[in-house]
Amino acid sequence: MATRDPQDCRQSTTTLSAFVDGDLPATEAQAVRAHASACPRCTISIAELAAMVTAARRLERPEPPPSLWPAVEGAMARHDRPWWMSLRLFGGGALAGAAAVSVVALGLASWRTHRAAPAAVAPGAALAVVTVSADPLLAEAEAEFARAATTYERSIEKLRALLAREEPRWSPVERARCEERLAQLDEAIASSRELAHRTPGDSVGNEQLFAAYQQKITFLAEAVHRGGTFREGEPPR
Amino acid sequence: MAVKSPHTTMVGVSAVRAIEGLLVPAGATRAALDDAELIAAVKRSDPGSREALYHRYKRRVYGLALRIVGPSDAEEVAQEAFIRIFRGLPKFRGDAALSTWIYRLAVNAALSHRTRRAGARLPTVDDPQADRTIEAQPAAEPVQGDAVLRARLERALVRLPTGYRTVIVLHDVEGLEHEEIASILSCHVGTSKSQLHKARARLREILAAEGITASALESG
(Lines give C-alpha, C1' and ligand atoms only; values in the text may rest on other atoms or scores of the structure.)
Protein backbone atom coordinates (compact mmCIF):
# COMPACT_ATOMS: atom_id res chain seq x y z
CA MET A 1 0.00 0.00 0.00
CA ALA A 2 2.72 2.42 0.95
CA THR A 3 4.40 1.99 -2.43
CA ARG A 4 1.22 2.41 -4.48
CA ASP A 5 1.06 5.26 -6.93
CA PRO A 6 -1.50 7.74 -5.64
CA GLN A 7 -3.13 7.66 -9.10
CA ASP A 8 -4.08 4.04 -8.43
CA CYS A 9 -5.66 4.73 -5.08
CA ARG A 10 -9.18 4.67 -6.42
CA GLN A 11 -8.76 0.95 -6.90
CA SER A 12 -8.29 0.44 -3.20
CA THR A 13 -11.62 1.80 -2.01
CA THR A 14 -12.66 -1.66 -0.86
CA THR A 15 -9.46 -1.93 1.15
CA LEU A 16 -10.08 1.46 2.65
CA SER A 17 -13.60 0.39 3.53
CA ALA A 18 -12.18 -2.62 5.34
CA PHE A 19 -9.73 -0.30 7.04
CA VAL A 20 -12.57 1.93 8.22
CA ASP A 21 -14.28 -1.12 9.72
CA GLY A 22 -11.08 -2.34 11.35
CA ASP A 23 -11.28 -5.51 9.31
CA LEU A 24 -7.73 -5.44 7.99
CA PRO A 25 -4.94 -7.46 9.62
CA ALA A 26 -2.71 -5.32 11.81
CA THR A 27 0.20 -5.17 9.38
CA GLU A 28 -2.02 -4.23 6.46
CA ALA A 29 -3.85 -1.64 8.55
CA GLN A 30 -0.52 -0.12 9.50
CA ALA A 31 0.49 0.03 5.84
CA VAL A 32 -2.74 1.83 4.95
CA ARG A 33 -2.24 4.26 7.78
CA ALA A 34 1.30 5.02 6.64
CA HIS A 35 0.21 5.45 3.04
CA ALA A 36 -2.74 7.65 3.88
CA SER A 37 -0.56 10.00 5.92
CA ALA A 38 1.22 10.87 2.70
CA CYS A 39 -1.69 10.55 0.29
CA PRO A 40 -4.37 13.27 0.35
CA ARG A 41 -6.63 11.23 -1.97
CA CYS A 42 -6.70 8.27 0.40
CA THR A 43 -7.12 10.54 3.39
CA ILE A 44 -10.19 12.02 1.76
CA SER A 45 -11.45 8.58 0.76
CA ILE A 46 -11.18 7.30 4.30
CA ALA A 47 -12.97 10.37 5.62
CA GLU A 48 -15.73 9.99 3.03
CA LEU A 49 -16.21 6.32 3.74
CA ALA A 50 -16.35 6.91 7.46
CA ALA A 51 -18.82 9.76 7.00
CA MET A 52 -20.92 7.62 4.66
CA VAL A 53 -21.13 4.81 7.19
CA THR A 54 -22.04 7.24 9.95
CA ALA A 55 -24.73 8.81 7.78
CA ALA A 56 -26.16 5.38 6.92
CA ARG A 57 -26.31 4.50 10.61
CA ARG A 58 -28.33 7.64 11.21
CA LEU A 59 -30.98 6.72 8.67
CA GLU A 60 -34.24 6.12 10.43
CA ARG A 61 -36.36 3.03 10.35
CA PRO A 62 -39.57 4.23 8.76
CA GLU A 63 -42.95 3.68 10.32
CA PRO A 64 -45.01 1.31 8.18
CA PRO A 65 -48.42 2.43 6.96
CA PRO A 66 -51.27 1.76 9.43
CA SER A 67 -52.86 -0.63 6.96
CA LEU A 68 -50.02 -3.13 7.33
CA TRP A 69 -51.06 -4.74 10.62
CA PRO A 70 -54.71 -5.26 9.63
CA ALA A 71 -53.52 -6.88 6.42
CA VAL A 72 -51.18 -9.22 8.30
CA GLU A 73 -53.82 -9.98 10.91
CA GLY A 74 -56.40 -10.76 8.24
CA ALA A 75 -54.04 -13.04 6.36
CA MET A 76 -53.18 -14.88 9.54
CA ALA A 77 -56.83 -15.27 10.47
CA ARG A 78 -57.40 -16.98 7.13
CA HIS A 79 -54.33 -19.10 7.71
CA ASP A 80 -55.38 -20.10 11.23
CA ARG A 81 -58.83 -21.22 10.11
CA PRO A 82 -59.06 -25.01 9.84
CA TRP A 83 -58.93 -26.17 6.25
CA TRP A 84 -62.42 -27.58 6.34
CA MET A 85 -63.86 -24.19 7.24
CA SER A 86 -63.08 -23.10 3.71
CA LEU A 87 -65.51 -25.74 2.50
CA ARG A 88 -68.47 -24.22 4.31
CA LEU A 89 -71.44 -23.58 2.09
CA PHE A 90 -74.47 -22.96 4.23
CA GLY A 91 -73.78 -21.78 7.72
CA GLY A 92 -70.62 -23.75 7.93
CA GLY A 93 -71.76 -26.70 9.94
CA ALA A 94 -72.34 -29.38 7.38
CA LEU A 95 -69.04 -30.00 5.74
CA ALA A 96 -67.22 -29.03 8.91
CA GLY A 97 -69.02 -31.82 10.66
CA ALA A 98 -68.30 -34.21 7.84
CA ALA A 99 -64.63 -33.42 7.88
CA ALA A 100 -64.43 -33.64 11.64
CA VAL A 101 -66.20 -36.97 11.62
CA SER A 102 -63.78 -38.25 9.02
CA VAL A 103 -60.80 -37.15 11.02
CA VAL A 104 -62.13 -38.78 14.15
CA ALA A 105 -62.91 -41.90 12.13
CA LEU A 106 -59.31 -42.21 11.13
CA GLY A 107 -58.25 -41.76 14.73
CA LEU A 108 -60.68 -44.37 15.94
CA ALA A 109 -59.56 -46.76 13.25
CA SER A 110 -56.02 -46.58 14.52
CA TRP A 111 -57.18 -47.36 18.05
CA ARG A 112 -59.73 -49.97 17.24
CA THR A 113 -57.68 -52.74 18.81
CA HIS A 114 -57.86 -50.89 22.12
CA ARG A 115 -61.58 -50.43 22.14
CA ALA A 116 -63.55 -51.16 25.23
CA ALA A 117 -66.97 -52.75 25.07
CA PRO A 118 -69.52 -50.54 23.33
CA ALA A 119 -72.00 -48.68 25.44
CA ALA A 120 -75.68 -48.93 24.77
CA VAL A 121 -76.83 -46.66 21.98
CA ALA A 122 -79.98 -44.71 22.55
CA PRO A 123 -82.70 -45.28 19.99
CA GLY A 124 -82.42 -42.81 17.16
CA ALA A 125 -79.01 -41.62 18.24
CA ALA A 126 -76.93 -40.19 15.49
CA LEU A 127 -73.85 -42.06 16.46
CA ALA A 128 -73.55 -45.65 15.44
CA VAL A 129 -70.69 -46.49 17.73
CA VAL A 130 -69.96 -44.53 20.85
CA THR A 131 -67.83 -46.35 23.32
CA VAL A 132 -66.70 -45.50 26.78
CA SER A 133 -63.01 -46.09 26.95
CA ALA A 134 -60.69 -46.26 29.90
CA ASP A 135 -57.96 -44.85 27.71
CA PRO A 136 -58.17 -41.07 28.22
CA LEU A 137 -56.84 -40.37 24.75
CA LEU A 138 -59.37 -42.68 23.19
CA ALA A 139 -62.12 -41.27 25.38
CA GLU A 140 -61.19 -37.80 24.19
CA ALA A 141 -61.33 -38.95 20.59
CA GLU A 142 -64.72 -40.52 21.17
CA ALA A 143 -66.03 -37.35 22.75
CA GLU A 144 -64.77 -35.40 19.78
CA PHE A 145 -66.47 -37.91 17.52
CA ALA A 146 -69.73 -37.36 19.36
CA ARG A 147 -69.45 -33.60 19.05
CA ALA A 148 -68.63 -33.85 15.37
CA ALA A 149 -71.51 -36.20 14.73
CA THR A 150 -73.89 -33.86 16.53
CA THR A 151 -72.71 -31.00 14.37
CA TYR A 152 -73.09 -33.22 11.38
CA GLU A 153 -76.69 -34.05 12.21
CA ARG A 154 -77.50 -30.43 12.89
CA SER A 155 -76.07 -29.51 9.54
CA ILE A 156 -78.25 -32.03 7.80
CA GLU A 157 -81.25 -30.61 9.61
CA LYS A 158 -80.38 -27.09 8.50
CA LEU A 159 -79.92 -28.19 4.92
CA ARG A 160 -83.21 -30.03 5.06
CA ALA A 161 -84.91 -26.88 6.28
CA LEU A 162 -83.36 -24.88 3.47
CA LEU A 163 -84.42 -27.50 0.99
CA ALA A 164 -87.96 -27.36 2.30
CA ARG A 165 -88.00 -23.66 1.44
CA GLU A 166 -86.68 -24.28 -2.04
CA GLU A 167 -88.71 -27.29 -3.04
CA PRO A 168 -92.06 -25.48 -3.53
CA ARG A 169 -90.43 -23.68 -6.46
CA TRP A 170 -89.55 -26.95 -8.12
CA SER A 171 -91.69 -29.00 -10.44
CA PRO A 172 -93.44 -32.08 -8.98
CA VAL A 173 -91.10 -34.31 -10.94
CA GLU A 174 -88.05 -32.59 -9.52
CA ARG A 175 -89.41 -32.83 -6.01
CA ALA A 176 -90.19 -36.52 -6.41
CA ARG A 177 -86.74 -37.27 -7.79
CA CYS A 178 -85.13 -35.40 -4.93
CA GLU A 179 -87.15 -37.20 -2.26
CA GLU A 180 -86.42 -40.52 -3.89
CA ARG A 181 -82.72 -39.84 -3.79
CA LEU A 182 -82.88 -38.67 -0.19
CA ALA A 183 -84.68 -41.85 0.72
CA GLN A 184 -81.87 -43.86 -0.84
CA LEU A 185 -79.30 -41.85 1.09
CA ASP A 186 -81.23 -42.32 4.34
CA GLU A 187 -81.35 -46.02 3.66
CA ALA A 188 -77.59 -46.09 3.13
CA ILE A 189 -77.08 -44.21 6.40
CA ALA A 190 -79.39 -46.60 8.25
CA SER A 191 -77.66 -49.71 6.94
CA SER A 192 -74.22 -48.26 7.69
CA ARG A 193 -75.31 -47.40 11.20
CA GLU A 194 -76.59 -50.89 11.68
CA LEU A 195 -73.30 -52.32 10.45
CA ALA A 196 -71.40 -50.08 12.82
CA HIS A 197 -73.59 -51.25 15.73
CA ARG A 198 -72.99 -54.88 14.84
CA THR A 199 -69.20 -54.54 14.62
CA PRO A 200 -68.18 -51.94 17.16
CA GLY A 201 -64.55 -53.07 17.16
CA ASP A 202 -64.23 -52.67 13.42
CA SER A 203 -63.94 -49.27 11.81
CA VAL A 204 -65.45 -50.37 8.49
CA GLY A 205 -68.99 -49.70 9.64
CA ASN A 206 -68.12 -46.26 10.86
CA GLU A 207 -66.28 -45.42 7.68
CA GLN A 208 -69.31 -46.41 5.63
CA LEU A 209 -71.54 -44.36 7.88
CA PHE A 210 -69.37 -41.30 7.52
CA ALA A 211 -69.26 -41.71 3.77
CA ALA A 212 -73.04 -41.94 3.69
CA TYR A 213 -73.40 -38.82 5.81
CA GLN A 214 -71.05 -36.95 3.54
CA GLN A 215 -72.90 -38.10 0.46
CA LYS A 216 -76.17 -36.86 1.87
CA ILE A 217 -74.73 -33.52 2.85
CA THR A 218 -73.18 -33.06 -0.56
CA PHE A 219 -76.47 -33.90 -2.22
CA LEU A 220 -78.50 -31.57 -0.01
CA ALA A 221 -76.05 -28.72 -0.44
CA GLU A 222 -76.01 -29.08 -4.20
CA ALA A 223 -79.78 -29.37 -4.37
CA VAL A 224 -80.30 -26.23 -2.32
CA HIS A 225 -77.64 -24.36 -4.17
CA ARG A 226 -78.43 -25.41 -7.74
CA GLY A 227 -82.12 -26.04 -7.68
CA GLY A 228 -84.43 -28.82 -8.81
CA THR A 229 -82.81 -29.36 -12.19
CA PHE A 230 -79.60 -30.38 -10.48
CA ARG A 231 -78.22 -33.82 -11.35
CA GLU A 232 -75.64 -35.53 -9.18
CA GLY A 233 -72.24 -35.68 -10.82
CA GLU A 234 -72.93 -32.71 -13.06
CA PRO A 235 -70.32 -29.98 -12.99
CA PRO A 236 -71.50 -26.74 -11.36
CA ARG A 237 -73.15 -24.31 -13.71
CA MET B 1 -45.50 0.25 36.61
CA ALA B 2 -46.77 1.99 33.54
CA VAL B 3 -46.23 0.44 30.17
CA LYS B 4 -43.52 2.45 28.53
CA SER B 5 -41.28 1.49 25.69
CA PRO B 6 -39.41 3.49 23.08
CA HIS B 7 -42.12 2.57 20.61
CA THR B 8 -45.12 3.27 22.74
CA THR B 9 -45.97 6.57 21.16
CA MET B 10 -45.79 5.11 17.68
CA VAL B 11 -47.46 1.85 18.52
CA GLY B 12 -50.82 3.26 19.40
CA VAL B 13 -53.56 2.18 21.72
CA SER B 14 -54.27 -1.14 20.10
CA ALA B 15 -50.73 -2.37 20.48
CA VAL B 16 -50.50 -1.27 24.08
CA ARG B 17 -53.73 -3.11 24.70
CA ALA B 18 -52.25 -6.11 22.95
CA ILE B 19 -49.13 -6.04 25.03
CA GLU B 20 -51.21 -5.69 28.15
CA GLY B 21 -53.08 -8.79 27.07
CA LEU B 22 -49.98 -10.88 27.31
CA LEU B 23 -49.45 -13.14 30.21
CA VAL B 24 -46.53 -11.46 31.84
CA PRO B 25 -44.46 -13.26 34.45
CA ALA B 26 -45.01 -11.89 37.93
CA GLY B 27 -42.79 -8.95 38.68
CA ALA B 28 -41.81 -8.36 35.11
CA THR B 29 -42.72 -5.16 33.34
CA ARG B 30 -44.59 -5.61 30.10
CA ALA B 31 -42.13 -3.47 28.24
CA ALA B 32 -39.38 -5.73 29.45
CA LEU B 33 -40.82 -8.80 27.76
CA ASP B 34 -37.83 -10.24 26.02
CA ASP B 35 -37.91 -12.05 22.73
CA ALA B 36 -38.00 -15.48 24.35
CA GLU B 37 -41.08 -14.59 26.36
CA LEU B 38 -42.73 -13.07 23.34
CA ILE B 39 -41.99 -16.18 21.25
CA ALA B 40 -43.45 -18.36 23.99
CA ALA B 41 -46.54 -16.15 24.15
CA VAL B 42 -47.05 -16.37 20.39
CA LYS B 43 -46.59 -20.13 20.48
CA ARG B 44 -49.23 -20.34 23.21
CA SER B 45 -51.50 -18.13 21.07
CA ASP B 46 -51.77 -15.63 23.90
CA PRO B 47 -54.12 -12.82 22.93
CA GLY B 48 -52.26 -9.89 21.43
CA SER B 49 -48.91 -11.63 21.35
CA ARG B 50 -48.65 -11.54 17.58
CA GLU B 51 -49.48 -7.88 17.52
CA ALA B 52 -46.89 -7.19 20.21
CA LEU B 53 -44.26 -8.99 18.18
CA TYR B 54 -45.36 -7.13 15.08
CA HIS B 55 -44.93 -3.79 16.78
CA ARG B 56 -41.53 -4.77 18.08
CA TYR B 57 -40.21 -5.60 14.62
CA LYS B 58 -42.41 -3.66 12.23
CA ARG B 59 -39.95 -0.84 11.59
CA ARG B 60 -37.07 -3.19 10.98
CA VAL B 61 -39.06 -5.37 8.60
CA TYR B 62 -40.75 -2.53 6.79
CA GLY B 63 -37.54 -0.48 6.58
CA LEU B 64 -35.69 -3.42 5.11
CA ALA B 65 -38.48 -4.07 2.61
CA LEU B 66 -38.64 -0.40 1.68
CA ARG B 67 -34.95 -0.20 1.00
CA ILE B 68 -34.70 -3.45 -0.93
CA VAL B 69 -37.81 -3.36 -3.11
CA GLY B 70 -38.74 0.33 -3.03
CA PRO B 71 -41.74 2.25 -1.74
CA SER B 72 -44.39 0.91 -4.10
CA ASP B 73 -43.94 -2.74 -3.05
CA ALA B 74 -42.64 -2.34 0.50
CA GLU B 75 -45.96 -2.88 2.24
CA GLU B 76 -46.72 -6.00 0.24
CA VAL B 77 -43.29 -7.42 1.01
CA ALA B 78 -43.52 -6.53 4.70
CA GLN B 79 -46.91 -8.23 4.86
CA GLU B 80 -45.49 -11.33 3.24
CA ALA B 81 -42.55 -11.27 5.62
CA PHE B 82 -44.78 -11.10 8.70
CA ILE B 83 -46.95 -13.92 7.40
CA ARG B 84 -43.82 -16.03 6.98
CA ILE B 85 -42.70 -15.02 10.46
CA PHE B 86 -45.94 -15.98 12.16
CA ARG B 87 -46.31 -19.19 10.20
CA GLY B 88 -42.73 -20.17 10.92
CA LEU B 89 -42.60 -19.14 14.54
CA PRO B 90 -44.06 -22.38 15.96
CA LYS B 91 -41.06 -24.16 14.44
CA PHE B 92 -38.54 -21.53 15.48
CA ARG B 93 -36.06 -23.33 17.71
CA GLY B 94 -33.94 -20.39 18.76
CA ASP B 95 -30.80 -21.54 16.97
CA ALA B 96 -30.34 -17.93 15.92
CA ALA B 97 -31.47 -14.73 17.58
CA LEU B 98 -35.07 -13.91 16.82
CA SER B 99 -34.04 -10.68 15.15
CA THR B 100 -31.62 -12.51 12.85
CA TRP B 101 -34.29 -15.03 11.94
CA ILE B 102 -36.80 -12.26 11.26
CA TYR B 103 -34.31 -10.38 9.12
CA ARG B 104 -33.69 -13.58 7.17
CA LEU B 105 -37.38 -14.05 6.44
CA ALA B 106 -37.78 -10.40 5.54
CA VAL B 107 -34.80 -10.46 3.18
CA ASN B 108 -36.06 -13.67 1.60
CA ALA B 109 -39.50 -12.17 1.12
CA ALA B 110 -37.97 -9.09 -0.47
CA LEU B 111 -35.64 -11.00 -2.75
CA SER B 112 -38.41 -13.43 -3.76
CA HIS B 113 -40.58 -10.48 -4.59
CA ARG B 114 -37.88 -8.97 -6.73
CA THR B 115 -37.43 -12.26 -8.55
CA ARG B 116 -41.16 -12.44 -9.24
CA ARG B 117 -41.14 -8.88 -10.44
CA ALA B 118 -38.06 -9.39 -12.58
CA GLY B 119 -39.88 -7.80 -15.48
CA ALA B 120 -40.48 -4.62 -13.58
CA ARG B 121 -36.98 -3.91 -12.47
CA LEU B 122 -36.13 -1.53 -9.71
CA PRO B 123 -33.52 1.00 -10.62
CA THR B 124 -29.89 0.11 -10.19
CA VAL B 125 -26.81 1.97 -11.15
CA ASP B 126 -26.59 -0.25 -14.23
CA ASP B 127 -30.12 0.51 -15.23
CA PRO B 128 -30.58 3.19 -17.88
CA GLN B 129 -34.06 3.81 -16.46
CA ALA B 130 -32.67 4.32 -13.00
CA ASP B 131 -32.69 8.08 -12.77
CA ARG B 132 -36.09 8.38 -14.39
CA THR B 133 -37.59 5.84 -12.00
CA ILE B 134 -36.04 7.49 -8.99
CA GLU B 135 -37.34 10.84 -10.06
CA ALA B 136 -40.77 9.31 -10.55
CA GLN B 137 -40.93 8.17 -6.95
CA PRO B 138 -42.92 10.45 -4.73
CA ALA B 139 -40.84 12.89 -2.78
CA ALA B 140 -40.95 11.99 0.88
CA GLU B 141 -41.63 15.49 2.07
CA PRO B 142 -40.08 18.92 1.73
CA VAL B 143 -36.65 18.53 3.24
CA GLN B 144 -33.95 20.83 4.35
CA GLY B 145 -30.45 20.48 5.69
CA ASP B 146 -29.63 17.02 6.97
CA ALA B 147 -32.98 15.75 5.77
CA VAL B 148 -31.88 16.59 2.22
CA LEU B 149 -28.75 14.58 2.71
CA ARG B 150 -30.68 11.64 4.12
CA ALA B 151 -32.99 11.73 1.17
CA ARG B 152 -30.04 11.81 -1.21
CA LEU B 153 -28.42 8.95 0.60
CA GLU B 154 -31.63 6.93 0.37
CA ARG B 155 -31.81 7.66 -3.35
CA ALA B 156 -28.21 6.62 -3.79
CA LEU B 157 -28.92 3.35 -1.98
CA VAL B 158 -31.78 2.62 -4.36
CA ARG B 159 -29.38 2.90 -7.26
CA LEU B 160 -27.15 0.12 -5.96
CA PRO B 161 -27.53 -3.39 -7.37
CA THR B 162 -29.78 -5.49 -5.15
CA GLY B 163 -27.02 -7.61 -3.68
CA TYR B 164 -24.92 -4.64 -2.71
CA ARG B 165 -27.94 -2.78 -1.41
CA THR B 166 -29.03 -5.68 0.76
CA VAL B 167 -25.65 -6.04 2.41
CA ILE B 168 -25.11 -2.35 2.97
CA VAL B 169 -28.59 -1.92 4.42
CA LEU B 170 -28.12 -4.85 6.77
CA HIS B 171 -24.66 -3.75 7.92
CA ASP B 172 -24.51 0.01 7.76
CA VAL B 173 -28.16 0.94 8.21
CA GLU B 174 -29.43 -1.85 10.45
CA GLY B 175 -26.12 -2.35 12.21
CA LEU B 176 -25.88 -6.12 11.87
CA GLU B 177 -22.58 -7.95 12.20
CA HIS B 178 -21.12 -9.85 9.27
CA GLU B 179 -21.75 -13.14 11.04
CA GLU B 180 -25.46 -12.34 11.19
CA ILE B 181 -25.52 -11.17 7.59
CA ALA B 182 -23.76 -14.33 6.47
CA SER B 183 -26.39 -16.34 8.32
CA ILE B 184 -29.22 -14.33 6.79
CA LEU B 185 -27.89 -14.51 3.25
CA SER B 186 -26.51 -18.04 3.59
CA CYS B 187 -23.04 -16.99 2.54
CA HIS B 188 -19.56 -16.86 4.05
CA VAL B 189 -18.56 -14.06 6.35
CA GLY B 190 -15.81 -13.16 3.92
CA THR B 191 -18.36 -12.84 1.14
CA SER B 192 -20.45 -10.52 3.26
CA LYS B 193 -17.42 -8.34 3.96
CA SER B 194 -16.24 -8.18 0.37
CA GLN B 195 -19.76 -7.39 -0.84
CA LEU B 196 -20.06 -4.63 1.72
CA HIS B 197 -16.79 -3.01 0.75
CA LYS B 198 -17.66 -3.18 -2.94
CA ALA B 199 -21.09 -1.77 -2.17
CA ARG B 200 -19.59 1.15 -0.29
CA ALA B 201 -17.19 1.84 -3.13
CA ARG B 202 -20.12 1.95 -5.55
CA LEU B 203 -22.21 4.06 -3.21
CA ARG B 204 -19.38 6.51 -2.84
CA GLU B 205 -19.18 6.85 -6.61
CA ILE B 206 -22.90 7.54 -6.80
CA LEU B 207 -22.74 10.12 -4.04
CA ALA B 208 -19.71 11.76 -5.59
CA ALA B 209 -21.53 11.98 -8.90
CA GLU B 210 -24.25 13.89 -7.08
CA GLY B 211 -21.71 16.20 -5.55
CA ILE B 212 -22.16 14.95 -2.01
CA THR B 213 -18.94 15.29 -0.11
CA ALA B 214 -17.62 13.87 3.12
CA SER B 215 -17.99 17.20 4.85
CA ALA B 216 -21.62 17.38 3.76
CA LEU B 217 -22.27 13.89 5.10
CA GLU B 218 -20.52 14.69 8.34
CA SER B 219 -22.48 17.87 8.83
CA GLY B 220 -25.66 15.99 8.01
Side-chain angles (χ1 to χ4, degrees), chain A residues 1 4 8-25 28-29 31-32 36 39-83, chain B residues 10 12 14-15 45 50-51 54-55 58-67 74-76 78-83 85-87 140 146 149-150 153-154 156-157 168-169 171-175 178 193-194 196-205 207-208 212-220:
Chain A
M1 190 73 187
R4 183 170 289 163
D8 292 336
C9 287
R10 288 178 62 175
Q11 298 172 16
S12 65
T13 302
T14 55
T15 303
L16 296 180
S17 172
F19 174 77
V20 167
D21 281 356
D23 274 346
L24 290 180
E28 203 173 337
V32 170
C39 175
R41 183 191 294 272
C42 281
T43 301
I44 291 171
S45 293
I46 290 169
E48 282 184 350
L49 284 165
M52 202 172 71
V53 172
T54 303
R57 291 260 158 86
R58 282 203 298 257
L59 288 177
E60 292 175 353
R61 289 174 176 149
E63 178 74 12
S67 55
L68 179 56
W69 170 245
V72 171
E73 193 177 31
M76 290 311 299
R78 287 190 293 278
H79 173 260
D80 292 342
R81 187 185 301 161
W83 66 269
Chain B
M10 303 303 295
S14 62
S45 301
R50 276 183 183 163
E51 191 173 359
Y54 165 81
H55 285 295
K58 63 181 179 181
R59 283 169 170 262
R60 277 179 261 194
V61 169
Y62 181 71
L64 197 63
L66 183 69
R67 290 178 173 124
E75 186 174 0
E76 184 183 340
Q79 180 185 338
E80 173 64 23
F82 273 110
I83 290 168
I85 289 163
F86 290 132
R87 285 182 180 179
D146 61 338
L149 280 171
R150 283 202 300 271
L153 185 54
E154 294 276 16
L157 284 170
I168 209 168
V169 166
H171 189 277
D172 288 354
V173 179
E174 295 294 329
H178 284 292
K193 288 183 178 180
S194 67
L196 174 69
H197 300 319
K198 288 175 186 173
R200 283 181 184 162
R202 186 72 72 91
L203 184 63
R204 185 173 163 238
E205 289 174 4
L207 289 171
I212 299 175
T213 62
S215 58
L217 288 168
E218 283 168 348
S219 64

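Every chain is numbered from 1, with letters handed out A, B, ... down the list of sequences.
Partner of B:Arg200 under the side-chain hydrogen bond (donor to acceptor under 3.5 Å, both in side chains) criterion, chosen from A:Thr13, A:Thr14, A:Asp21: A:Asp21.
Using a 4.5 Å cut-off between heavy atoms, B:His178 contacts chain A through its side chain alone, with no backbone atom that close. B:Lys193 touches chain A through its side chain: at least one heavy atom from C-beta onward sits under 4.5 Å away, while N, CA, C and O do not. Looking at B:Arg67, the atoms closer than 4.5 Å to chain A (heavy atoms on both sides) all sit in the side chain, from C-beta outward.
By number of non-hydrogen pairs under 4.5 angstrom with chain A, the leading residue of B:Leu207, B:Leu66, B:Leu153 is B:Leu153. Among A:Ala56, A:Pro64, A:Ala18, the residue with the largest count of heavy-atom pairs under 4.5 Å with chain B is A:Pro64.
In this structure B:Glu75 satisfies the side-chain hydrogen bond (donor to acceptor under 3.5 Å, both in side chains) test together with A:Ser67, sequence neighbours excluded.
Screening residues 65-74 of chain A for salt bridge (Lys or Arg N to Asp or Glu O under 4.0 Å) gives no qualifying pairs among residues at least two apart or on separate chains.
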Kindly determine whether B:Lys58 and A:Arg61 satisfy side chain to side chain contact (heavy atoms under 4.5 Å, CB included), including the steps that lead there.
-> CA-CA 9 Å; B:Lys58 63 181 179 181; A:Arg61 289 174 176 149; over 6 Å; no

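Looking at A:Glu60 and B:Arg59, no side-chain N of the basic residue comes within less than 4.0 Å of a carboxylate O on the acidic one, giving no salt bridge.
Ring geometry, B:His55 versus A:Trp69: the interplanar angle falls from 30° to 60°, so the pair is classed tilted.
For the atom pair CD of B:Glu154 and CG of A:Leu59, the computed distance is 4.5 Å after rounding to the nearest 0.5 Å. Taking CG of A:Leu24 as the reference point, atom NE2 of B:His197 lies at 7.5 Å (rounded to 0.5 Å). Taking CG of B:Leu203 as the start and CE of A:Met52 as the end, the distance is 4.5 Å to the nearest 0.5 Å.
Residues B:Gly63 and A:Pro62 come closest through the heavy atom pair CA-CD, 3.6 Å.
The shortest distance between side-chain heavy atoms of A:Arg57 and B:Asp172 falls below 4.5 Å.
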